[in-house]
Amino acid sequence: MPTPVRTRFAPSPTGYLHVGGARTALFSWLFARKNGGQFILRVEDTDEARNTEEARNAIFSGLRWLGLDWDEGHEADGDCGPYFQSERQDIYTRWFQKLQDTGRVYEDDGAWRFRFERKPITMHDLVCGEVTIDYTDASNTPDMVVRRSDGSFVFHFVNVVDDLEMKMTHVIRGEDHLMNTPKHLQLIEALGETPPAYAHIPLIMNADGSKMSKRDKGAAVHEYPERGFLPAAVVNFIALLGWSPKDDSELFPLSELIDRFSLEGINRSPSRFDWDKSMWLNQQHLLKLTPQAFAEAALPYVRSAGLDPTDQFPAIAASVQEKVQLLAEVPEAIRFYLREGVEFDPAALEKLAGNESAPTLLASLATSFRALPDWSSPKDAIAATATAAGAKPGQLMFPLRVALSGKTGGPDLDAILTILGRDESIRRIEQTVSTLQNA
RNA sequence: GACCCGUUCGUCUAGUGGUUAGGACUCCGCCCUUUCACGGCGGCAACACGGGUUCAAGUCCCGUACGGGUCGCCA
């Protein structure tokens with residue numbers, strides 16, 4: 001029986017969750033899930049000065065929002081805890097003792113340095129292939145500090161110890177760690193342990209190719225729910241940034257991503273954000289939602305825009321499901337349903353004003369609406385009214401749309417008529433007629 | 001500067017010696033739709049450059065250029 005796969009995500013809580021970090025987490029998570037292994041969340045909070053509670057929570061909530069659950073770590077079980085490095089001092093001290101016993105560390109200015117073996121180090125990276133770094137020349141690769149003069153341990157040491165202690169089989173991390181790997185390999189070799197397999201993934205860049213930093217659009221994971229993205233769409237999008245299923249498919253729910261994922265599909269070159277495509281992908285995921293699920297997803301955005309959803313909301317939301325790319329667009333798309341009367345989009349009103357027959361047609365439409373026995377087929381009344389006035393139904397459709405919604409585009413007229421109801425529809429038509437006459 | 005990784009349409013990518021270099025986003029047409037959007041069809045658009053190797057190179061090798069990464073008592 002093969003050793004069960006164990007991967008981890010090991011962020012340090014010094015800011016918000018970065019989208020590059022999220023993708024690293026995603027790939028590690030996918031690899032673990034794909035292979036029936038475990039995914040561990042370890043918080044590397046050794047830099048007390050820079051750690052914040054807020055940053056820690058951003059990591060947890062970001063991962064949860066994306067749907068990346070962890071088997072061991074904060075608020076989860078696990079035999080390899082604690083999962084915060086700040087609570088693992090005893091473990092590091094013990095391993096440091098072991099390292100001292102090998103005679104490979106020496107004191108320097110109160111700190112402890114690890115003496116590298118002066119030889120070429122070759123790693124077999126699962127993504128980069130075979131990479132050799134020459135450690136022969138000490139001036140290029142000075143012995144590294146593993147323990148500071150204040151007694152604390154540096155990243156390289158704790159990271160290696162934890163990966164060993166937590167029995168990692170695969171370390172999937174950003175390419176910025178590639179040059180650290182020989183250091184880690186040397187440490188592990190000195191300790192007489194077996195290293196995990198490494199996979200270094202290329203970084204994500206801004207749309208213009210520049211390095212993505214904190215302030216850049218899309219850098220922070222928490223920005224995505226704010227902008228109206230679905231977690232599944234974000235996961236789908238970042239997975240496609242640097243990974244390919246090797247065929248033409250590209251629309252994946254999480255479950256299928258797990259199925260299709262493999263390290264071989266990871267690219268070697270940094271990729272750039274393509275905002276148009278991320279929004280398109282979000283729209284595709286939105287389209288796949290049931291109308292109920294869509295309404296539910298849209299509700300918070302509607303509320304926070306100050307709109308008060310009525311009991312008609314399910315129908316209202318359904319009418320705009322295929323009109324928006326982001327959930328944050330929903331409030332604007334449905335606002336016209338919920339307000340008193342019509343507010344005209346200037347361009348729409350102008351277009352309507354240019355139509356000389358509109359006021360007359362609309363006025364007689366209001367009359368025939370009023371005469372309808374019921375509201376089951378207002379469309380027949382539209383056709384009849386137009387015909388009676390010697391016009392085509394199409395000549396009445398556009399004015400009616402503007403009269404009801406104030407806009408040139410939007411949901412099907414049928415849906416608008418049904419949702420608004422007879423009284424409100426008539427009211428808006430008459431409001432429009434008088435607006436037109438007074439103009 | 002040294003070392004490491006990379007380079008196919010504007011962007012994300014398929015492609016593992018012989019392809020009309022494929023798909024997707026964007027953009028532009030047309031169709032569907034009495035709106036918009038969705039959907040369908042079509043179009044524009046790429047192998048960074050220079051040398052090799054080979055009957056044959058986007059695919060292999062070497063340079064150059066460009067991009068990225070790393071060179072801490074940060075992680």
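Chain letters run A, B, ... following the sequence lines, proteins first, then strands; residues in each count from 1. Every heavy atom of this structure was used, including side-chain atoms; hydrogens, water molecules and symmetry mates were not. All figures in this text were calculated on a predicted structure; none of them were measured in a lab.
One donor-acceptor pair, N or O on each side, does fall under 3.5 Å between the base of rA24(B) and the side chain of Lys277(A).
Nearest heavy-atom pair across Gly409(A) and Arg401(A) is C-NH1, 4.0 Å. Taking all atoms of both residues into account, the shortest heavy-atom contact from Pro142(A) to Arg118(A) is C-NH2, 4.1 Å. Considering every non-hydrogen atom in both Leu372(A) and Pro378(A), the closest pair reads CD2-CA, 4.2 Å. Among all heavy-atom pairs drawn from Asp150(A) and Ser152(A), the shortest one is OD1-OG, 2.6 Å. Closest approach of Gln321(A) and Pro291(A) over heavy atoms only: OE1-CA, 3.7 Å.
Residue contacts shown for Asp412(A) include a base, since a base heavy atom lies under 4.0 Å away. When heavy atoms are screened at a 4.0 angstrom cut-off, His200(A) is found touching no nucleic acid atom at all. If you check every strand for non-hydrogen atoms under 4.0 Å, Glu322(A) touches a base. No engagement by Glu107(A) is indicated, since no non-hydrogen atom pair under 4.0 Å with the nucleic acid exists. Thr46(A) comes within 4.0 angstrom of sugar-phosphate atoms only, judged by non-hydrogen atoms across all strands, and of no base. Backbone-only engagement by Gln283(A) is indicated by non-hydrogen atom pairs under 4.0 Å involving sugar-phosphate atoms exclusively. Gly174(A) comes within 4.0 angstrom of no nucleic acid atom, judged by non-hydrogen atoms across all strands.
Separation of the His285(A) and Phe237(A) ring centroids does not fall under the 6.0 Å cut-off.
At least one side-chain nitrogen or oxygen of Asn267(A) sits closer than 4.0 Å to the OP1 or OP2 atom of rU13(B). Look at Lys323(A) and you won't find any side-chain N or O under 4.0 angstrom from OP1 or OP2 of rC36(B). Contact between the side-chain N/O atoms of Ser271(A) and the OP1/OP2 oxygens of rU11(B) is not found at any separation under 4.0 Å.
Atom CD of Gln321(A) and atom P of rA37(B) are 17 Å apart (whole Å). Taking atom NZ on Lys246(A) and atom C1' on rG23(B), their separation rounds to 14 Å, with Å as the unit. The CD1-P distance, from Ile266(A) to rU13(B), rounds to 12 Å in whole Å. One atom, CZ of Phe294(A), and another, P of rA37(B), lie 16 Å apart when rounded to the nearest Å. The interatomic distance linking Arg118(A) (CZ) with rC3(B) (C1') rounds to 14 Å, in whole Å. As rounded to whole Å, 11 Å separates atom C1' of rU34(B) from atom CG of Asp414(A).
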How does protein contact run along nucleotides 63-73 of chain B, one letter per nucleotide 5' to 3', with B for base contact, S for sugar-phosphate only, - for none, heavy atoms under 4.0 Å? -----BBSS-B
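A distance-only check finds no donor-acceptor pair linking the side chain of Arg8(A) to the backbone of Leu41(A) [under 3.5 Å].
Summarising the base pairing, rU16(B) is matched to no nucleotide, lacking a Watson-Crick or G-U wobble pair whose two defining distances lie under 3.5 Å. In this entry rC36(B) has no Watson-Crick or G-U wobble partner, no candidate having both defining distances under 3.5 Å. Of the nucleotides present, rC41(B) is the one that pairs with rG29(B) by Watson-Crick or G-U wobble criteria, both distances under 3.5 Å. Nucleotide rU7(B) is matched to rA65(B) when pairs are restricted to Watson-Crick or G-U wobble geometry with both distances under 3.5 angstrom.
Annotation: rC25(B) and rG43(B) have their C1' atoms spaced 16 Å apart (nearest Å). The gap from the C1' atom of rC27(B) to that of rG67(B) amounts to 26 Å, rounded to the nearest Å. rG10(B) and rA46(B) have their P atoms separated by 7 Å, with the value rounded to a whole Å. rC31(B) and rU35(B) have their P atoms separated by 12 Å, with the value rounded to a whole Å. For the P atom pair drawn from rC47(B) and rU53(B), the interatomic distance equals 24 Å after rounding to whole Å.
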After noting the C-alpha distance and the side-chain angles of Glu72(A) and Arg6(A), does the key distance pass the salt bridge (Lys or Arg N to Asp or Glu O under 4.0 Å) rule? CA-CA 10 Å; Glu72(A) 298 176 25; Arg6(A) 286 172 66 80; 2.8 Å; yes
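Sequence order on RNA chain B of the closest nucleotides to Ser244(A) and Pro411(A) puts Ser244(A) first from the 5' end.
Other residues, nucleotides and ligands contribute at most 12 non-hydrogen atoms within 6.0 Å of the CD atom of Glu48(A).
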